[in-house]
Amino acid sequence: MSLSCFDFGERMLTVDEARAAVLELAPRPLGDEWRPLESLHGRVLAQSLVSPIDVPQNTNSAMDGIALAWPETEAARPDSWAQAGEVLAGHRHETPLAPGECVRITTGAPLPAGADTVIMREQIEYQEGRVRVAHPDAVRRGQNVRLAGEDIARGAVALAAGTRLGAAELGLLASLGMAQALVRRRPRVAVFSTGDEVTAPGKPLPAAGIFDANRFSLAGLIAEHGGEVCDLGILPDDRDVMVAALADAAHDADLVMTSGGVSVGEADQVRAALAEVGELGFWKIAIRPGRPLACGRLGAQRTPFFGLPGNPVAAMVTFLQFVAPVLRRLQGCLATEPCRFTALAESDLPSRKGRVDFLRGIFHCDARGQLRVRSTGHQGSGILSSMVAANCLIEIAADCERIAQGDAVTIQPFADICRGMPS
Ligand code: AMP
Ligand code: MG
């Protein structure tokens, strides 16, 4: 059994320990709801979807041409065929084909009974009202025919529970005639920024102020991970205000998240407030950027809580490593881990033994199909432009002192290109 985030006390956790422990905050997925097809994009299936029909429904033509019963042997093959009619997509040819007959057929039209093969239009000739096949030796029985149920057979699982519905999945649902699906409720995520210096964009910037970046980058990440954002604004570095705000947020939200105020500075009140309103879990993880980070539960509802670091890059990196898996778990996703690939480093990369370093990277595929990655440059945890320049995080393991040019490194791509891949 894995340890929960409340079993570690003051000990420094490895990133893997922390990843496993945060999942205990969300022991089970949220409830489910029926939603119409039009609003299913990004939602996660709550039950496996069994196909009520064969897709395609009928054995049909993959080409424009003629459909016929192709004889097994050359001896049985006539020189020419009588055209017994025409069948267009959306229509049926009700009379079965007699030996020696063919029908003109268009792509997608059901094959008449008796037909098993389609010959494309370009390979037939008309002679005195009869149809001749230009290269009979090249014809294979059953060619250019899509079999009923070859995409999905009636009764087969078309999509497994836990699948996130992207564009292709929506098309598939529609192709089964499903106008709705049972999906997980979207997690409601309350997000606060904290800090006396933190100023809402649009307000005048005080002399010692800084504009609030985190609420907006985190809101974007929440949405990208299927959550519904409850933006609760900016809290001052005041413990009483924080206690009241956290207690309030815990009522309505499935997860509460703050940024800033979790280190041991005088003004850092989040941990103290968390201890008062709920249960404080671990807060030291061997990661850079991303220390410190608090997690725990709030109120009688035991709402999962994350106190992310204030530095904008650290807030995003820790969200991706620790909050995203919890959001995936709340939605019942099949995989909770970030998606990873291996790439070759294009230059030496800095790292320190004893902690996992996450550098912002740019990966590409070279002419030989090999993934390569380079650093975006300056890696300070406040340099948000490094996240903008990056298309991945480079994850350097704790036991690794330094990465030399040409070494293999792990990358976590930002884009959703790993959809459906096993982790
Ligand atoms: P803290 O963890 O509160 O000590 O914050 C660490 C650094 O992140 C400080 O330089 C803060 O000013 C900055 N910071 C905290 N919150 C935000 C925010 N919401 N947006 C941008 N920077 C922030
Ligand atoms: Mg602060």
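Counting starts at 1 for both ligands and their atoms, following the listed order.
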- Message: Heavy atoms only: which of Gly310, Pro309, Ser193 lies closest to atom 8 (O) of ligand 1?
- Response: Gly310

What atoms of ligand 1 come closer than 4.0 angstrom to any heavy atom of [X]?
{"X": "Phe211", "answer": "20 (N), 21 (C)"}
{"X": "Gly260", "answer": "2 (O), 3 (O)"}
{"X": "Ile210", "answer": "12 (O), 22 (N)"}

- Task: For atom 10 (O) of ligand 1, grab the closest protein heavy atom and report residue, atom and distance to one decimal in Å.
- Result: Asn311 OD1, 4.3 Å

- Note on the structure: re atom 20 (N) of ligand 1, the protein heavy-atom contact at minimum distance is Ala213 N, 3.0 Å

- Assess Glu197 for proximity to ligand 1: is some non-hydrogen atom of it under 4.0 Å away? yes

- Query: Is ligand 1 less than 4.0 angstrom away from at least one heavy atom of Gly261?
  - Reply: yes

With no hydrogens and no angle check, just 3.5 Å: does a side-chain donor-acceptor pair link [X] and [Y]?
{"X": "Arg360", "Y": "Thr376", "answer": "no"}
{"X": "Arg19", "Y": "Gln321", "answer": "yes"}
{"X": "Gln301", "Y": "His251", "answer": "yes"}

- Residue pairs passing the ring-ring contact (aromatic ring centres under 6.0 Å, His included) test where at least one lies in residues 289-335, sequence neighbours excluded: His225-Phe319

- Quick one: which residue pairs count as a ring-ring contact (aromatic ring centres under 6.0 Å, His included) with a foot in residues 370-405, not counting sequence neighbours? none

- Under a 4.0 Å N-O cut-off, is there an ion pair linking Asp254 with Arg185? yes

- Are the charged groups of Arg43 and Glu33 less than 4.0 angstrom apart, N to O? yes

- Would you kindly specify which portion of Asp212 sits under 4.0 Å from ligand 1, judged on non-hydrogen atoms: side chain, backbone, both or neither? both

